[in-house]
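First comes the structure, then the notes that go with it.
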Amino acid sequence: MKEALRAMLNQAFERCIESGEFNRIPLPDYVIEVPGNSHYGHFATNLPFLMASSLRRRPGDLASVILKNLGGLEDMFEKVEVAGPGFINFTIRGSEWHRLLGRIVAEGKDYGRSLAGAGRRILVEFVSANPTGPLHLGHGRGAALGDTLCRILSFTGHEVVREFYINDAGVQVRLLGESIYSRWRQRGDRDYPFPENGYHGDYVTDLAEQIADQLSLETMEPDEAVRRCALLGREKMLEEIKRDMGSFRVAFDVWASESDLYACGLIEKILESLRAKGQIYEEEGATWIRSSLYGDDKDRVIKKTDGEYTYFASDIAYHFEKFKRGFSKAVNIWGADHHGYIQRIKAALKTDGIDENWLEVLLIQLVRLFKGGEEVKMSKRAGLYVTLKELVEEVGVDAARFVFLSKNHDSPLDFDVDLVKRQDSDNPVYYVQYAHARICSVFRKAASEGLSAPPNPAELLERLVLEEELTLIRFMSQFPELLVDISKAMEPHRLTYYLTELASLFHKYFNQGTKDPEKRIVGGEKTLSQARLCLAQGVRQVLFTGLDLLGIQAPEKM
RNA sequence: GCGCCCGUAGCUCAGUUGGAUAGAGCGCCGGGCUUCGAACCCGUAGGCCGCAGGUUCGAAUCCUGCCGGGCGCGCCA
């Protein structure tokens with residue numbers, strides 16, 4: 001509908017120029033918006049303001065001229081007027097909204113799906129936890145964000161690949177092996193030393209027991225035993241991570257391994273090509289990349305004097321490889337404590353001419369957990385932290401995902417377990433689900449009276465004349481473009497707010513009927529009930545689709 | 001010190017990328033179930049959008065400078 005309006009305005013603009021009423025100027029980049037206040041109609045444009053300065057005329061006058069040149073007014077509009085200092089406000093006919101509802105119901109589960117991102121291949125890398133310990137709350141937030149973003153991008157026509165990068169090459173995994181081995185030795189020798197910076201969590205002791213059952217550690221040299229502990233520990237942690245992600249309804253297409261990059265010689269290969277281009281040099285016994293030429297604060301070491309690569313080296317190789325795989329864009333979801341690396345990795349990409357905007361990094365801020373009104377302090381190093389699994393066991397997947405997606409990823413999140421655990425009305429999570437369940441209940445009631453939403457309701461829908469009904473349709477009409485906007489801005493949390501508002505509009509509508517039988521969905525005259533059931537069907541569908549994109553279930557009963 | 005992010009109702013946060021009278025949830029106070037689900041709805045109170053300038057028809061939104069908070073600035077990962 002907005003597009004139709006835009007086309008009409010563009011045409012009117014041309015007509016004004018051809019008729020000589022306007023001097024020729026380029027069409028401004030104007031906006032058609034839905035005014036917050038319905039007093040200003042259903043749509044409004046600022047076009048006149050944007051032409052005022054170049055034409056040196058008053059916006060109000062320009063608005064009148066444009067209005068005069070708009071064609072086909074009677075068909076689509078109930079009212080078009082110049083308002084304020086120069087807005088043009090449009091009020092759409094009810095019949096147009098009825099037609100739109102018909103389309104929503106007809107499109108069903110595909111309503112909102114689009115081709116906006118057609119031809120765009122996007123790689124989204126998220127979570128990417130070290131396989132050295134269980135996933136924690138921060139990973140949960142990243143998982144919820146990444147997964148929902150991917151779902152929405154796919155729905156808007158992008159080709160999406162979801163990837164988990166396994167940091168399994170460096171000292172972390174070796175340390176894991178040492179930690180496991182030490183725990184195993186400590187069963188016989190209480191004083192056996194534990195590695196400095198080792199992993200302290202109880203899961204390490206569990207791993208030690210499992211691994212001791214599988215391997216005869218006692219027959220091995222310590223070095224060999226540590227190596228085997230590291231390998232097996234990595235495998236087991238990875239399995240657990242995959243399990244946890246699965247039960248959090250997060251799936252990955254690719255599990256990319258850092259150690260594979262080394263194993264297949266990719267790191268050397270890529271560094272060689274950079275060296276050939278003069279982007280790499282040796283100094284003080286180390287190997288450096290000229291990142292400072294491309295926006296980094298200084299050059300960075302990629303190979304240390306001891307001959308080991310830094311993690312940065314493999315990161316560079318990994319991202320170059322991503323680029324070669326032919327994606328139009330790469331999105332990384334990182335913890336906010338990594339923001340210092342953004343500039344660095346982008347600079348590294350630029351050494352090979354890769355546009356820095358090709359890579360987009362979304363930072364997620366800290367998650368703080370509250371229980372009993374107090375913050376639960378966490379320390380990963382000491383192995384003291386709440387795992388994602390524990391959180392999910394306590395509050396459920398739906399609630400956890402909803403809360404993680406209830407704020408911009410860029411702002412810190414306080415997760416109040418007590419609030420989210422409550423099975424009562426204070427829990428924000430149920431609000432949207434409840435609306436869905438309620439509609440399902442209405443349909444059960446309708447069915448018991450032999451009523452349903454007819455598949456081809458065209459003429460019926462004109463029975464919908466209540467302001468609440470038209471408001472619902474108008475609000476639903478914004479769903480497709482919302483998803484496109486979210487895809488562009490990479491802000492999935494906006495969907496959470498949208499659904500909450502849609503649910504709210506429905507609850508208000510529904511409650512009208514508790515006081516006034518004339519306004520009930522089921523119970524009045526047959527055609528009216530059918531029309532209202534169509535409306536309810538549309539709302540139910542949008543709620544369902546929206547929740548599905550959030551990875552949240554839409555229950556029929558609660 | 002340098003860089004990034006953030007300052008919006010008592011609390012937690014939205015704010016359609018520059019639009020018209022700044023919103024929601026929680027909390028406070030008051031009201032609504034004899035038939036579609038009260039996990040809901042309705043109403044009241046609550047604001048110098050951190051401060052000061054600037055840009056323009058128009059600023060919570062963009063620019064500059066302060067103030068306050070978080071994070072990052074390794075041949076660690």
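Predicted model, so just to flag it, every value in this text is computed and none were measured. In what follows, chains carry the letters A, B, and so on, assigned in the order in which the sequence lines appear, proteins first and then strands, with residues in each chain numbered from 1.
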| Should A:K557 be listed as having a side-chain N or O under 4.0 Å from OP1 or OP2 of B:rG37? | no

| query | Below 4.0 angstrom from OP1 or OP2 of B:rA39, is there any side-chain N or O of A:Y430? | reply | no

| Face-to-face stacking of A:Y434 with B:rC40, centres under 5.5 angstrom, angle under 30° | no

| task | When you get a sec, tell me which of B:rC13, B:rC75, B:rC40 is the closest nucleotide to the side chain of A:N511? | result | B:rC40

| said: Can you tell me if A:R344 touches the phosphate of B:rC73, counting only side-chain N or O atoms and a distance under 4.0 Å to OP1 or OP2? | reply: no

| query | Between B:rA14, B:rU35, B:rC75, which nucleotide gets closest to the side-chain atoms of A:Y497? | reply | B:rA14

| Got a donor-acceptor pair under 3.5 Å from the side chain of A:T305 to the base of B:rC75? | yes

| field | B:rU21 to B:rG68 separation - C1' atoms, rounded to the nearest Å | value | 31 Å

| Below 4.0 angstrom from OP1 or OP2 of B:rC76, is there any side-chain N or O of A:K304? | yes

| Sub-6.0 Å ring centroid separation between A:H493 and A:F404 | no

| Distance-only donor-acceptor test (3.5 Å): side chain A:N37, base B:rA22 | no

| request: Could you check whether A:Y40 and the base of B:rA20 form a stacked pair, meaning centres closer than 5.5 Å and planes differing by less than 30°? | output: yes

| task | Determine the Euclidean distance between corresponding C1' atoms of B:rC49 and B:rU8; express it in Å to zero decimal places. | result | 4 Å

| said: I want to confirm an ordering. Mapping A:V442 and A:D306 to their closest nucleotides on RNA chain B, which one lands closer to the 5' end? | reply: A:V442

| query | Within less than 4.0 Å of OP1 or OP2 of B:rG37, is there a side-chain N or O belonging to A:H436? | reply | no

| query | A:F87 stacking on B:rA20: centroids under 5.5 Å, ring planes under 30°? | reply | yes

| Does A:Y431 put a side-chain nitrogen or oxygen below 4.0 Å from OP1 or OP2 of B:rC26? | no

| request: Determine the interplanar angle of the A:Y498 and A:F475 rings, folded into 0 to 90°, and report it as parallel if under 30°, tilted if 30 to 60°, perpendicular if over 60°. | output: parallel

| message | Ignoring hydrogens and geometry beyond distance, is the side chain of A:H339 in donor-acceptor contact with the base of B:rC5 at under 3.5 Å? | response | no

| For A:S504 and B:rG25, is the shortest distance between a side-chain N/O and OP1 or OP2 below 4.0 Å? | no

| remark: Whichever of A:G36 and A:R520 has the more 5' nearest nucleotide on RNA chain B, that residue is A:G36

| Nearest of B:rU35, B:rC75, B:rU12 to any side-chain atom of A:T310? | B:rC75

| said: According to a cutoff of under 5.5 Å between the ring centres and under 30° between the ring planes, does A:Y311 stack with the base of B:rC76? | reply: no

| query | Any chance the side chains of A:T496 and A:S406 put a donor and an acceptor closer than 3.5 Å? | reply | no

| Looking just at side-chain N and O atoms, do A:Q172 and A:N167 make a donor-acceptor pair shorter than 3.5 Å? | no

| said: Please classify B:rU64 as syn or anti, treating any glycosidic angle within 90° of 0 as syn. | reply: anti

